[in-house]
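Input: a single structure, listed below in structure tokens.
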Amino acid sequence: MSKVIVLTGAGGVLCSTLAKALAKEGHKIAVLDLRIEAAIKVADEINADGGVAIGVEANVLEKDSLVAAKLVINEKLGACDILVNGAGGNHPLGTTSNPFLEVADLENTTEGFKTFFDLDPNGIEFTFNLNFIGTLLPTQVFATDMVGKKGCSVLNISSMNAFTPLTKIPAYSGAKAAVSNFTQWLAVHFSKVGIRVNALAPGFFLTDQNRTLLTNADGSLTPRGNTIIEQTPMGRYGEPEDLISTTLWLCDDASSFVTGVVVPIDGGFSAFSGV
Ligand code: NAD
């Protein structure tokens, strides 16, 4: 059955792939993004391929902007059945320069060098807001369409670092842990009104967000990029397409008794102790 599916951050790498895959299943797609030109480009590609999609500008941190987007979506596509909370990311001000603190680091005066003690609360707050508040607000706005209906669900995007924090990115790790925790909380809270709530926990995918951390200008892997491959038993980065089958399953009535789960899609990263 065709559903109306709203995806936030769908002008980006991972969620544009999910939007296109969901459109191929016959669903009507609202591509939401802060970058309207990116949202429209994805919607145009879906429509050119025979699907039904609209690109809508929305800021997941501003409720008014989400309410305005919902009005457009309701008018053009109908009531929302499924919400994919894809907008998210990290901020450099919430990131340390080194994985481990060394005594000598306190004397390091190199410009831009950051220890734990230099982390900027604004960078931490930005990251917590984007990932957590940016999941909560769209759910408050779009799940009002779903209450008491059949076949509705919310799909959040968590991360590997929610299970075990990654070095250097305490804000992003903590914020994604909050997304996983919220996924469980909301699954319970919505259990009586027919809305299932689940999450994907992608492992490592080379996207614009992390490309400079993981690859050099010539395309070869940085030391951090190599460490990730060594810690991933399947020995490769994920491709955006690796997220499609789990997304289709969790958005479909085939998973009608599944709620509150966070599914790792990580080539075995979270199962591997490193030894
Ligand atoms: P991306 O940067 O390609 O896409 C994110 C999109 O969100 C962008 O199009 C951006 O414009 C949009 N966005 C940013 N702030 C917004 C706001 N305030 N309101 C609305 N839209 C906003 O990133 P991606 O790699 O496709 O990541 C998608 C999701 O997957 C994110 O939640 C990310 O944290 C998560 N994730 C990514 C990886 C990875 O390896 N790339 C791994 C685990 C989880």
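This one's a predicted model, so the numbers in the text were calculated from it and none came from an experiment. Numbering of ligands and ligand atoms starts at 1, following listing order.
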Is the shortest N/O to N/O distance between L34 and ligand 1 below 3.5 Å? yes

Is it the case that the ring center of Y237 lies less than 6.0 angstrom away from the ring center of F205? no

Please confirm whether the backbone N or O of A87 pairs with a side-chain atom of T8, one donor and one acceptor, at under 3.5 Å? yes

I want to check something: taking the side chain as every heavy atom from C-beta on, are F190 and T259 in contact at a cut-off of under 4.5 Å? no

Atom 19 (N) of ligand 1: which protein heavy atom is closest, and how many Å away? V60 N, 3.0 Å

At less than 4.0 angstrom from any non-hydrogen atom of I157, what atoms of ligand 1 do you find? 29 (C), 30 (O), 35 (C)

Among all protein heavy atoms in this structure, tell me which lies nearest to atom 9 (O) of ligand 1, with the distance rounded to 0.1 Å. D33 OD2, 2.6 Å

With heavy atoms under 4.0 Å as the rule, classify the contact between A201 and ligand 1 as side chain, backbone, both or neither. neither

Below 4.0 Å from any atom of ligand 1, is there a heavy atom belonging to T8? no

Is any side-chain heavy atom of E62 closer than 4.5 Å to one of D64? no

The closest protein heavy-atom partner of atom 42 (C) of ligand 1 is G203 O, 3.3 Å

Looking only at distances, can you tell me whether any N or O atom of G12, backbone or side chain, sits closer than 3.5 Å to an N or O atom of ligand 1? yes

Of the choices V84, L32, N59, which has the non-hydrogen atom that lies closest to atom 18 (N) of ligand 1? N59

Does G238 have a non-hydrogen atom less than 4.0 Å from ligand 1? no

Closest non-hydrogen protein atom to atom 23 (O) of ligand 1, residue and atom name please, with distance? Q209 NE2, 2.8 Å

Candidates T139, N131, T135 - the one meeting side chain to side chain donor-acceptor pair (under 3.5 Å) with N85: T139

In this structure, does ligand 1 have an atom that sits under 4.0 Å from one of the heavy atoms of Y172? yes

Hey, which atoms in ligand 1 end up nearer than 4.0 Å to a heavy atom of N210? 39 (C), 40 (O), 41 (N)

Has the side chain of N59 got a donor or acceptor atom that lies under 3.5 Å from a matching backbone atom of L34? no

Do me a favour and list the nearest non-hydrogen protein atom to atom 28 (C) of ligand 1 with residue, atom name and distance? G86 O, 3.5 Å

Under a 4.0 angstrom heavy-atom cut-off, which atoms of ligand 1 come close to A58? 19 (N), 20 (C)

Is the closest basic N to carboxylate O distance between D49 and K24 below 4.0 Å? yes

Atoms of ligand 1 under 4.0 Å from any heavy atom of L130, numbered from 1 in the order shown, are 15 (N), 16 (C), 18 (N)

Could you check whether any side-chain heavy atom of N156 comes within less than 4.5 Å of a side-chain heavy atom of V197, counting everything from C-beta outward? yes

Taking 4.0 angstrom as the limit and counting only heavy atoms of G88, give me the atoms of ligand 1 inside it, by number and element. 31 (C), 32 (O), 34 (O)

Would you call R236 and D242 a side-chain contact if the rule is heavy atoms closer than 4.5 Å? yes

Among the clusters formed by ILVMFWY side chains lying less than 4.5 Å apart, do V188 and V263 turn up in the same one? no

Taking only non-hydrogen atoms of G134, do any sit less than 4.0 angstrom from ligand 1? no

Applying a strict 4.0 Å limit to heavy atoms, is S158 in contact with ligand 1? yes

Which residue holds the protein heavy atom closest to atom 39 (C) of ligand 1, what is that atom called, and what is the gap in Å? F205 O, 3.6 Å

Answer side chain, backbone, both or neither: which part of T207 comes under 4.0 Å from ligand 1, heavy atoms only. side chain

Report the nearest protein non-hydrogen atom to atom 38 (C) of ligand 1: residue, atom name, distance rounded to 0.1 Å. L14 CD1, 4.0 Å

Check whether any side-chain N or O of S255 sits under 3.5 Å from a backbone N or O of D252 as a donor-acceptor pair, and report yes or no. yes

Using 4.0 Å as the upper bound for N to carboxylate O, is an ion pair formed by D253 and K150? no

Indicate, as side chain, backbone, both or neither, the part of L206 found under 4.0 angstrom from ligand 1 when only non-hydrogen atoms are considered. neither

Above 12 or not: heavy atoms from other molecules or residues under 6.0 Å from CD of E107? no

So if I count the atoms of ligand 1 from 1 in the order they appear, which ones are less than 4.0 Å from some heavy atom of G89? 34 (O)

How far is atom 7 (O) of ligand 1 from the closest protein heavy atom, and which atom is that? G9 CA, 3.4 Å

Hey, is K41 close enough to E37 for a salt bridge, meaning N to O under 4.0 Å? no

Are the charged groups of D81 and K149 less than 4.0 angstrom apart, N to O? yes

K176: heavy atom below 4.0 Å from ligand 1, yes or no? yes

In this structure, would F113 and L93 fall into the same cluster of hydrophobic residues linked by side-chain contacts under 4.5 Å? no

Atoms of ligand 1, numbered as shown, that sit under 4.0 Å from any heavy atom of G11: 9 (O)

With atoms numbered from 1 as shown, which atoms in ligand 1 lie under 4.0 angstrom from a non-hydrogen atom of V13? 3 (O), 26 (O)

